[in-house]
There are 2 protein chains.
Amino acid sequence: MPLTLKDIARMVGVAESTVSRAINNKPGVGEETRRKIMKIVKEYNFKPNQLARGLAKKETRIIALLLSDLATPGYTEIIKSIEEVANRAGYQVILCNTANDIDKEKAYLELVARNRVDGAIIVGGELADKNILNLALNKEGRLVLVNRLAEEVLIPTILVDNAKGGYLATAHLIEQGLSRIAIIMGSIQDFLESEKLNGYKQALKDHNLPLREELIFETDGSRESGYNTFLNLMELDEPPGGFFVTSDLLAVGLIEAIKMGGYFIPDDFAIVSYGESLITSIINPPLTVVAEPLNKLGRLAAEYLLKLINNQSPDRVIRVLEPVLKMRASSNPQIKS
Amino acid sequence: MPLTLKDIARMVGVAESTVSRAINNKPGVGEETRRKIMKIVKEYNFKPNQLARGLAKKETRIIALLLSDLATPGYTEIIKSIEEVANRAGYQVILCNTANDIDKEKAYLELVARNRVDGAIIVGGELADKNILNLALNKEGRLVLVNRLAEEVLIPTILVDNAKGGYLATAHLIEQGLSRIAIIMGSIQDFLESEKLNGYKQALKDHNLPLREELIFETDGSRESGYNTFLNLMELDEPPGGFFVTSDLLAVGLIEAIKMGGYFIPDDFAIVSYGESLITSIINPPLTVVAEPLNKLGRLAAEYLLKLINNQSPDRVIRVLEPVLKMRASSNPQIKS
DNA sequence: CAATCTTCCGCAAGCGCTTGCGGAGATTTT
DNA sequence: AAAATCTCCGCAAGCGCTTGCGGAAGATTG
């Protein structure tokens with residue numbers, strides 16, 4: 001049975017409240033008394049019970065982190081920075097792998113209501129639905145969204161400007177002298193993906209290139225569909241010379257298909273991918289990618305949430321971060337692979 | 001302000017204690033009363049305050065998961081299964097990325113003492129030190145180790161039999177007709193790594209092959225050292241024909257070096273790697289690997305911990321899981337890459 | 001029909017901490 | 001020198017829940 005405030009109080013010969021004030025660095029405790037108390041605290045390595053403190057103060061110093069899928073490349077970076085910021089502020093992070101399961105997500109969000117956590121960060125996943133709205137509308141709901149949009153309600157949100165990313169990727173390919181550029185993307189329902197497509201379209205427009213529907217491929221994002229898409233594209237009368245691929249896995253499949261066909265990258269086909277996973281630098285050739293500021297994403301999300309918890313409002317409700325293009329060999333013959 | 005037990009009690013016209021018993025499915029509540037209570041509970045979507053419950057019952061229903069580094073390939077799998085098992089049992093998981101920082105680890109372990117979590121799982125990292133010992137010796141310390149060993153004290157531990165893994169890898173290469181096989185490994189201080197080495201040695205011995213010190217390479221585990229090690233090896237009078245590489249990253253570097261040298265895999269050099277990350281299946285050629293039962297590892301760890309928390313002792317204190325060899329093209333010319 | 005058991009439920013203490021309030025003594029003001 | 005002001009600290013209520021104990025019924029027995 002660990003020590004309690006009462007024990008310490010008895011040992012020092014003061015009241016519980018005095019010990020509490022001393023421990024929490026609050027005023028109203030004499031220099032001398034404070035020293036005596038702290039001495040005993042150190043000596044017995046006393047740690048106040050967080051549960052009791054939480055109950056009294058109505059806070060848990062825990063935040064929940066909801067992820068659509070833990071295994072998504074790049075998420076670990078986001079998680080790390082969230083955890084780091086939270087930690088520094090004395091908060092712990094509860095991990096919730098929602099596995100895109102709406103019920104599981106709902107159950108986790110209820111933790112917030114159960115006073116289990118002080119707030120939550122949701123990263124990725126479908127468009128926010130009623131559950132989230134309700135939580136957000138409820139004053140108790142301290143919630144920040146990352147790479148995800150809510151319907152009507154204004155919830156603090158951190159996004160990467162995927163339209164910009166799509167634009168950068170496409171413009172870069174155009175600058176390589178290519179005019180027929182295909183986009184191989186995930187579900188167009190996905191807000192993030194559709195934004196990339198918008199960027200793609202805008203880039204073509206700005207460079208006076210026609211938008212060709214037959215060069216837009218919506219896939220399930222798997223390696224296989226990357227492979228198959230290439231085969232489909234090659235059956236066109238005029239196959240594209242450049243590919244903007246919106247995920248690593250798609251790129252892997254695409255590259256396999258290209259190599260299998262006996263073609264060379266970037267000489268025959270130039271590729272730009274999205275997201276800066278380990279894969280992109282390991283694969284041959286290394287992929288030019290649109291890199292997202294993952295750490296910043298996580299850091300900002302955590303900072304926003306902490307502000308909400310402390311009843312300060314963040315400077316801006318929606319914060320959009322800029323991706324950058326990292327040029328590597330897959331799109332540029334100049335660069336040695 | 002959310003509802004409390006007292007509110008519900010007043011609404012139904014019974015005592016708080018009765019509501020509590022009803023909600024927790026405890027005996028001593030009449031059928032009729034129970035129904036009335038549950039009706040109101042549903043109606044107002046009442047959720048008991050976990051903090052208060054925890055304080056009264058001295059439990060948090062939270063477990064801590066300490067990881068040496070979140071980004072380690074394979075960890076996400078372990079995390080996912082731990083989270084899943086814990087969740088099913090009504091527990092939440094707090095994520096602690098210790099970043100191999102002993103202070104951070106210590107701070108996190110103190111959460112256990114602070115009644116913040118009911119138990120902890122530590123996966124990976126250095127040999128367990130005093131902090132852990134103290135925690136484990138303390139009756140409060142519900143602790144399970146994964147892929148990590150404690151000194152003297154007997155702490156429930158789940159391990160992968162890395163000696164077996166090393167043996168499998170090496171024996172496989174020997175069966176491919178190779179007799180000069182190098183091992184490229186991480187720090188020999190690392191228990192897991194040294195076990196792999198032991199397996200390597202045993203396999204050589206069992207097949208009557210000499211152990212050559214010059215074929216044992218200890219590295220920092222980086223891609224670069226994989227690359228450089230190959231160059232070093234090629235300067236030997238008789239370079240090896242097969243490589244047992246204990247991590248993906250090393251394998252990536254090694255493969256780069258081999259290709260750069262104009263050699264072919266597996267014809268000139270056969271490779272077996274360790275761990276089943278995405279990389280190994282994407283790289284060309286796909287790597288033969290020793291695969292660890294990651295999900296089982298996580299599941300067992302969680303189950304062990306839950307047993308400890310419920311004051312049952314697990315069936316065995318130390319549980320050793322078997323890795324399996326997944327044969328792919330990097331070690332076998334028969335297999336199409 | 002009295003005696004004994006059950007069943008159902010309320011009372012109240014307690015989990016370990018925080019915090020508003022007020023009292024005693026020391027210090028400053030007019 | 002009396003009054004006003006501070007400083008330091010204890011008292012006690014309260015956070016929202018659990019649980020042992022015991023009382024008031026109703027059900028069961030001889």
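A, B, ... follow the sequence lines: proteins, then strands. Residue 1 opens every chain.
For B/K57, the salt bridge (Lys or Arg N to Asp or Glu O under 4.0 Å) test picks out no residue, with sequence neighbours left out. In this view, A/E292 satisfies the salt bridge (Lys or Arg N to Asp or Glu O under 4.0 Å) rule with no residue, not counting sequence neighbours. Taking B/K307 as the reference, nothing meets the salt bridge (Lys or Arg N to Asp or Glu O under 4.0 Å) condition, with sequence neighbours excluded. Residues passing the side-chain hydrogen bond (donor to acceptor under 3.5 Å, both in side chains) test with A/K26, sequence neighbours excluded: none. For B/D7, the salt bridge (Lys or Arg N to Asp or Glu O under 4.0 Å) test picks out B/R10, with sequence neighbours left out. Every residue two or more places apart in sequence or in another chain was checked for a side-chain hydrogen bond (donor to acceptor under 3.5 Å, both in side chains) with B/E303, and none qualifies. Among residues two or more places apart in sequence or in another chain, the side-chain hydrogen bond (donor to acceptor under 3.5 Å, both in side chains) test is passed with B/R35 by B/E32.
Residue contacts for B/S20: at a heavy-atom cut-off of 4.0 Å it reaches a base atom on one of the strands shown.
Donor-acceptor pairing under 3.5 Å is lacking for the side chains of A/N310 and A/R142. Judged by distance alone, the side chains of A/Q92 and A/R61 never bring a donor and an acceptor atom under 3.5 Å apart.
Contact between the side-chain N/O atoms of B/K58 and the OP1/OP2 oxygens of C/dG14 is not found at any separation under 4.0 Å.
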Polar atom pairs (N or O), protein with nucleotides 4-11 of chain C, under 3.5 Å:
from: C/dC9; atom 1: OP1; to: B/T33; atom 2: OG1; distance (Å): 2.1
from: C/dC9; atom 1: OP2; to: B/G30; atom 2: N; distance (Å): 2.2
from: C/dC9; atom 1: OP2; to: B/T33; atom 2: OG1; distance (Å): 3.2
from: C/dG10; atom 1: OP2; to: B/A15; atom 2: N; distance (Å): 2.7
from: C/dG10; atom 1: OP2; to: B/T18; atom 2: OG1; distance (Å): 2.5
from: C/dG10; atom 1: N7; to: B/S17; atom 2: OG; distance (Å): 3.4
from: C/dG10; atom 1: N7; to: B/R21; atom 2: NH2; distance (Å): 3.3
from: C/dG10; atom 1: O6; to: B/R21; atom 2: NH2; distance (Å): 2.6
from: C/dC11; atom 1: N4; to: B/S17; atom 2: OG; distance (Å): 3.0

Polar atom pairs between nucleotides 4-6 of chain D and protein, under 3.5 Å, N or O only, would you list them?
none

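Residues of residues 38-56 of chain B that place a heavy atom closer than 4.0 Å to DNA chain C, in numerical order, are B/L55, B/A56.
Regarding B/I8, its CD1 atom lies at a distance of 9 Å from the P atom of D/dC17, rounded to whole Å. In this structure, CZ of B/R10 is placed 12 Å from P of D/dC17, rounded to the nearest angstrom. When rounded to the nearest whole Å, the span between CG of A/L5 and C1' of C/dT19 equals 13 Å. Rounded to whole angstrom, the span from the CG atom of A/L3 across to the P atom of C/dC17 amounts to 9 Å. The separation between B/K6 atom NZ and D/dC17 atom P is 10 Å, rounded to whole Å. Rounded to a whole Å, the CZ atom of A/R116 is 21 Å from the P atom of D/dC15. When the P atom of D/dC8 is taken as reference, atom CZ of A/R35 falls 13 Å away, rounded to whole Å. Rounded to a whole Å, the CG atom of A/D7 is 15 Å from the P atom of C/dG14.
If you take CD1 on A/I82 and CG on A/L305, they are separated by 9.0 Å, rounding to the nearest 0.5 Å.
A 4.5 Å side-chain heavy-atom check between B/Y75 and B/V123 finds at least one atom pair inside the cut-off. In this structure, A/I158 and A/N147 have side chains that are not in contact, with every pair of non-hydrogen atoms separated by 4.5 Å or more.
End-to-end axis angle for the helix from C/dC1-D/dG30 to C/dT30-D/dA1, using five pairs per end and rounding to 10°, comes out at 40°.
Summarising the local packing, CD of A/Q189 is surrounded by 12 or fewer heavy atoms from other residues, nucleotides or ligands at distances under 6.0 Å.
Identified under the salt bridge (charged side-chain N to carboxylate O under 4.0 Å, His left out) test for residues 67-76 of chain B, with sequence neighbours left out: A/K80-B/D69.
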